[in-house]
Amino acid sequence: MTRTRDLDIVVYGATGFVGKLTAQYLARSAPRSARIGLAGRSTAKLETVRAELGPAAAQWPIIVANADDPTSLTALAESAHVVITTVGPYAKYGIDLVRACAEAGTDYVDLSGEVLFGRESIDRFHDVAVASGARIVHSCGFDSIPSDIGVHVLHQQVAADGEGDLTDTTMVVSSLRGGVSGGTIDSMRNLVDTVKADKSARRIAVNPYSLSPDPASEPDLGRQSDVEMLKGSDIAPGLGGRTAPFVMGSTNTRVVRRSNALRKWEYGRAFRYREVMSVGQSVLSPVFAAGVSAGLGALMAGLAFGPTRYVLDRVLPKPGEGPSEKARAAGHFTTDTYTTTSTGARYVARVRAKGDPGYAATAVMLGESALALALDRDALPDAAGVLTPATAIGDPLVDRLRTAGFEISARRN
């Protein structure tokens, strides 16, 4: 790769909880030849983080940048091939950095699970990024890499076997241990406030094709709900138990549908995609499923109502907070994505990893996304614009995550 920037990767927000975890992962796992920098608002805090990273990071440059200072974000974008940002909620703090990277031709990765931010990014800067050659890649953590890459490898296996297109496809979160991050909760607060104030924003949020490059060109596949409760047998023959809605399904499904559209509907024009989580096979599983569904609804309602919002704001995780190292190490996740093809064949793809999904595993996914963009450029898809993990990175990301210990597989079911 021809090096025309001072740095390969900059971690912006490196003093925050997930930003620090990502910097730690890069210090452990990035090749020593990779040129990495740390960015944020405070030189003193960045120096403290750098000192904690050990000898591998001792010479990493420090860059002062602030979300309220567009000039500093432009300088940040122009300093590196890839910018990682963990500074959210992205709808509040992220769009100027997207602008800076799109204009500078700098690749960009974040952890956004915010559909409205994604839509704004597409509308304002997709064409700018196409012109500059930048890859703007949102949702490079637990939201939405297991979903997007899971369908990517599923499609590859079906295509290799000559079994047609994907049709009804469901991702099941089969096992999950880990906490909800304060950043995710803060993004939910911001979404609630936005849709309360703007009916047009609500219409975008509930549209299953809200991240499509051209929603009007999408197939009419009827209602596609984000809050379904299903029997396992409704998903695949022989699959037991019950499922409940998955909290991040409303984001992940739209990312996966964008991947299909950006690929000219390679997955299929009849590709229907949904996400759920398993609640087990006990006689009480229907009760658990109803409880999860009701709980999610109650959380959103509680955030929208002043008195309960006051209480929730004091008990829910806050931005910058996270679990202990021991708890992060004890976490894990498994997702299984089931499909029926247009020939009637059945397949399943699995993505599984150790580590708290929203923290430890996310730091790996975010770090490897940036490393692939910075160091594997000759193997990347020929694409630019506001993209998805599958369409911007694809196989190099799959390879890197497997090397990092992830199980990623697809087979006939």
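Looking at heavy atoms from C-beta onward, T243 lies out of side-chain contact with T170 at the 4.5 angstrom threshold. Within the 4.5 Å cutoff, side-chain heavy atoms of Y25 are placed close to those of E368. Using a 4.5 Å cut-off on side-chain heavy atoms (C-beta onward), P219 and Y209 make contact. Counting heavy atoms from C-beta on, the side chains of L401 and V351 never come closer than 4.5 Å. Counting heavy atoms from C-beta on, the side chains of I122 and P213 never come closer than 4.5 Å. The closest side-chain heavy-atom distance from Y12 to L76 is below 4.5 Å. For the pair D376 and R400, the minimum side-chain heavy-atom distance is below 4.5 Å. At a threshold of 4.5 Å between non-hydrogen side-chain atoms, the residues P89 and F117 do not count as touching.
The shortest non-hydrogen separation linking S121 to V98 is OG-CG1, 3.5 Å. Scanning all heavy atoms of the two residues, the minimum distance from P381 to I393 falls at CD-O, 3.4 Å. Summarising the geometry of S174 relative to D336, their closest heavy-atom pair is OG-OD2, 2.6 Å, with the distance given to 0.1 Å. When all heavy atoms of R254 and S210 are compared, the closest pair comes out as CD-OG, 3.3 Å. Shown here for A390 and D148, the closest heavy-atom pair between the two residues is N-OD2, 2.8 Å. Between V255 and S139 the shortest heavy-atom distance is CG2-OG, 3.9 Å.
R328 contributes a side-chain N or O that, together with a main-chain N or O of P323, makes up a donor-acceptor pair within less than 3.5 Å. Using a distance-only test at 3.5 Å, with no hydrogens or angles considered, a donor-acceptor pair links the side chain of D8 to the main chain of R35. Under the 3.5 Å distance criterion, the side-chain polar atoms of R257 are matched with a main-chain donor or acceptor of P208. A donor-acceptor contact shorter than 3.5 Å is absent between the side chain of S278 and the backbone of V173. Looking at H126, its side chain does come within 3.5 Å of a backbone N or O of V386 through a donor-acceptor pair. Between the side chain of N260 and the backbone N or O of G268 there is at least one donor-acceptor pair closer than 3.5 Å. A distance-only check finds a donor-acceptor pair linking the side chain of S132 to the backbone of A102 [under 3.5 Å]. R402 places a side-chain N or O within 3.5 Å of a backbone atom of I408 that can act as its donor or acceptor partner. When atom types are taken as modelled, the side chain of S144 and the backbone of S147 share no donor-acceptor pair closer than 3.5 angstrom. A donor-acceptor distance shorter than 3.5 angstrom exists from the side chain of T169 to the backbone of T167, with no hydrogens or angles considered.
Between the side chains of E163 and T341, no donor N or O sits under 3.5 Å from an acceptor N or O. Between Y273 and Q224, the side chains place no donor N or O within less than 3.5 Å of an acceptor N or O (distance only, hydrogens not considered). In summary, the side chains of E275 and T253 do not present any donor paired with an acceptor at a separation below 3.5 Å, with no hydrogens or angles considered. Checking D143 against T251 by side-chain atom types alone, no donor-acceptor pair falls below 3.5 Å. A donor-acceptor contact closer than 3.5 angstrom is absent between the side chains of R258 and S212.
Between H138 and Y90, a ring centre-to-centre spacing not shorter than 6.0 Å is recorded.
Within 6.0 Å of the CD atom in E325, the count of heavy atoms belonging to other residues, nucleotides or ligands does not exceed 12. Counting non-hydrogen atoms of other residues, nucleotides and ligands closer than 6.0 Å to CZ of R263 gives a total above 12.
Separation of atoms CH2 (W265) and OG (S217) is listed at 5.0 Å; rounding is to 0.5 Å. To the nearest 0.5 Å, atom CG of residue D107 and atom CG of residue L380 are 7.5 Å apart.
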